[in-house]
Protein chains: 4
Amino acid sequence: MPRVTAAVKARLSETRRTQILEAAVRVFARRGFDRATIQDIAGSAGLSEGSIYNYFRSKEELLVHIPQHLVRPALEPLLEAAAPETIADVERQLLQVAQGIVGRVKENAWFLKVFVSALPRLSPRARERYLSLLPLYAAERLEGVLRRGMRAGLFRQDLDAAIAARAFPGMLLIFLMMQEVLLEKKLVPHDYNTIAGETVRLFLYGAASRQHQPAHRP
Amino acid sequence: MPRVTAAVKARLSETRRTQILEAAVRVFARRGFDRATIQDIAGSAGLSEGSIYNYFRSKEELLVHIPQHLVRPALEPLLEAAAPETIADVERQLLQVAQGIVGRVKENAWFLKVFVSALPRLSPRARERYLSLLPLYAAERLEGVLRRGMRAGLFRQDLDAAIAARAFPGMLLIFLMMQEVLLEKKLVPHDYNTIAGETVRLFLYGAASRQHQPAHRP
Amino acid sequence: MPRVTAAVKARLSETRRTQILEAAVRVFARRGFDRATIQDIAGSAGLSEGSIYNYFRSKEELLVHIPQHLVRPALEPLLEAAAPETIADVERQLLQVAQGIVGRVKENAWFLKVFVSALPRLSPRARERYLSLLPLYAAERLEGVLRRGMRAGLFRQDLDAAIAARAFPGMLLIFLMMQEVLLEKKLVPHDYNTIAGETVRLFLYGAASRQHQPAHRP
Amino acid sequence: MPRVTAAVKARLSETRRTQILEAAVRVFARRGFDRATIQDIAGSAGLSEGSIYNYFRSKEELLVHIPQHLVRPALEPLLEAAAPETIADVERQLLQVAQGIVGRVKENAWFLKVFVSALPRLSPRARERYLSLLPLYAAERLEGVLRRGMRAGLFRQDLDAAIAARAFPGMLLIFLMMQEVLLEKKLVPHDYNTIAGETVRLFLYGAASRQHQPAHRP
DNA sequence: TATGAATGAGACTTCATTCAT
DNA sequence: AATGAATGAAGTCTCATTCAT
């Protein structure tokens, strides 16, 4: 039964990789990429130094592979919903996106610390690869949604979809990064459900009161 | 004239310290804290390695002393004092804030790079101190403006001023951090004037088209 | 039939050893002894690392066992048996020797590379054993031929046969080692037939022109 | 007197480099390039590991710089003599060359062991650089001498100067390498003066007896 | 017997820091 | 106060060898 053995081995190997990456995230988050040592990571993964190199070619490879294993899977369900027909649909979907972002960031706060601090020292290729896996790039999908929504008349005709799609996650990320990553302390006395709801409404309807809404530009 | 000599010496010493710290910021920004070497910094400061240690006890000391010398310019107010009377006033003021934020981040890009790269080495207290020195966005003031605007009927009555005041700069910071600090690569093909203008409009009037603006909640 | 099985096993085992040693020579020649890894060798032999150790105790053992398997072909005689009667006979025989040397070195280039790369690791005894296994030049035989030729008046009476017999192959080996083993790059734009012919003529008739040939010493 | 200090420092630095290179040669010769450790070399040079890197960028750099410091200076005086007018002049000069080669090889026997074993793993550029410093390349000068001698009628008109110039050192190197480097034991019971003399005569007048010297080809 | 993951000693190299000049 | 060579701890990575399967 060599086939069975091969399958078992492959599974074991995948387990090991995950186990190592999880250890790497823990150590990177605690010490930063440069201060983390392979020994730390190996110890945290319950392996010896040399074994790490049976699974990853270098320390940088560890960094590069973290998002693939930890962040991407969490991102997949985002924005898989049907095309919205009413603005209420949009609101519901955006709320989902917002809650998704909140969830991901909270879940991966340790990783984001690693990510942010390590980003400047990655090679451009690695950087690109890294970023393409992050929530910000949900922006591209959101941009598509906005464009379709504009054609359907749900959104302002003079909206710049590219800018708006990138501004939206930023509204949330500020809280999230500050509270979860940078300061680890609350900035406003609200829970994230409230914040997400407010943010979505702000994005959709703006801050201006009804009577001050201008006629939109063509 | 030992007193004169002493004074001269003190002044010279202070100059040297500044000179070294400025070099340190340049190098930290370019290479990240951990990758920066004392030799880099000494070279950039026009001194030799050993001399650095006549002014600072260690590399960490350099990091700790940076903000005191470099963050002052960012303390200027972002908002003009006058209370807004029309929504157009608000739009103008927000545009000013937005452009202020853009300016500040671009101006302090190197410092932000240092901050970001040193993130995992900073204690929570140090992180807070750093962040408080960098009033990247004048959230408290903006919150006040929004509250006054709400009382004046310019803004939705159901707006959460605290959340909105913090969400607004986030809309811009995404672009700024990515383009100026983390990626050094444009995310959208617009200049910051356009981005700032769009962001302000998005904040004020939202994304939804006119006919989909809901009645605001009480 | 335990006896048959045992015999089969022994044969198989011997095959495996040979297979491994041949792989080792290939890899040693390509990478040098120290740079060769067991993994390289195992891969080249179509086995896995661990299996090598079922046949050889260590990497050094591989080195030690190589010649027994690979140097035999070089033992064939280089000189035909017949005694030369004219200087033309001698020239023909030397040409044969020269071409033999060329052939041998080219044939054993990989082994020579191994030998050369392993040089500093070999004990003087091992070095001698290796060299004696590689009768790269049939110095003793050539010495005998020269002595007989001297008695027959074909060679200068003042020739030192021992020195000459060892100098002759050296004339060729320079080209051969450089071109085939060390540099893998041509030193002169001639093929080996030309080089061999020239070398033989140089050996027999020297470089001086006819009118400058001295009277030979007694 | 900063100028004096600078000069002193430069001299000291050059001394250190030589000191390190000499240690490197010792260690490389004893252990081979790959088995030699920086610690060995540093210890042998009376320095600590890190200090080596103040003078050489890498272990390979050490290897590459050895011939420049140790072999080239010994080679310079070779073949600096006046143009030969008689065959006796040539014989005297070649004897000098031969004795020079003997001297160099004996002197640098340890280095040649390093050289030969390290050669295959050098980059092509380093190899080229390396070889250009070795006695074999005296061949180019010898080739020039031979060509001039041919024009002057001292040498056979049908001589191939390129081949002859490279064959000549080979006649000696065989002895030398075997006796000094590979076997470290005598092959023939002669001293090097005798060997050198015999070799030169063999090269100039060949092995054939007077009455068997052919008419040279045009 | 074959496999290949695990091991860990040991290599090269970097760099903050010290110190004699 | 300035220099920069020296130091050596510490880090990443390689690889021969072992061993459970």
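So that the names make sense, note that chain A is the first sequence line, chain B the second, and so on, each numbered from 1.
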Integer-rounded Å distance: F:dA5 C1' and D:Arg17 CZ: 15 Å
Report the residue (A:Arg57 or D:Ser48) whose heavy-atom-nearest nucleotide on DNA chain F is the more 5′ of the two. D:Ser48
When you match B:Lys59 and D:Lys59 each to their closest nucleotide on DNA chain E, which lands nearer the 5' end? D:Lys59
For F:dA2, which nucleotide in any strand shown is its Watson-Crick or wobble partner with both distances under 3.5 Å? E:dT21
Short side-chain N/O contact to E:dT3 OP1/OP2 from C:Ser51, under 4.0 Å: yes
Does B:Ala42 reach a base, just sugar-phosphate, or nothing at all? Heavy atoms under 4.0 Å. nothing
F:dA1 P sits how many Å from B:Phe56 CZ, rounded? 13 Å
Just checking B:Thr37: base, sugar-phosphate only, or nothing, at a heavy-atom cut-off of under 4.0 Å? sugar-phosphate
Do the side chain of D:Gln19 and the main chain of D:Ala45 share a donor and acceptor less than 3.5 angstrom apart? yes
Residue D:Tyr53, side-chain atoms from C-beta onward, closest of E:dA2, E:dT14, F:dA6: E:dT14
Which one, E:dT17, F:dA1, F:dA6, comes nearest to the side chain of B:Tyr55? F:dA1
Side-chain heavy-atom pair B:Arg16, B:Asn54 within 4.5 angstrom cut-off: no
Would you say a side-chain N or O of A:Asn54 is under 4.0 Å from OP1 or OP2 of E:dG4? no
Please classify the nucleic acid contact of A:Ile52 as base, sugar-phosphate, or nothing, using heavy-atom distances under 4.0 Å. nothing
With the side chain defined as heavy atoms from C-beta on, B:Glu49 is closest, among E:dC12, E:dT17, F:dT17, to E:dT17
Please determine if B:Lys59 forms a cation-pi arrangement with B:Phe28, meaning its NZ or CZ atom is less than 6.0 Å from the six-membered ring centre and no more than 45° off the ring axis. no
Just wondering, do A:Thr37 and A:Asp40 contact through their side chains at under 4.5 Å, heavy atoms? yes
Mapping A:Gly46 and B:Gln39 onto DNA chain E by nearest heavy atom, which one lands closer to the 5' end? A:Gly46
Could you check whether any side-chain heavy atom of A:Tyr55 comes within less than 4.5 Å of a side-chain heavy atom of A:Leu21, counting everything from C-beta outward? no
Applying a 4.0 Å non-hydrogen cut-off, can you work out what D:Ser13 is touching in the nucleic acid: base, sugar-phosphate, or nothing? nothing
Would you indicate, yes or no, if F:dA6 has its OP1 or OP2 atom less than 4.0 angstrom from a side-chain nitrogen or oxygen of D:Arg16? yes
To the nearest Å, how far apart are D:Leu12 CG and F:dT3 P? 19 Å
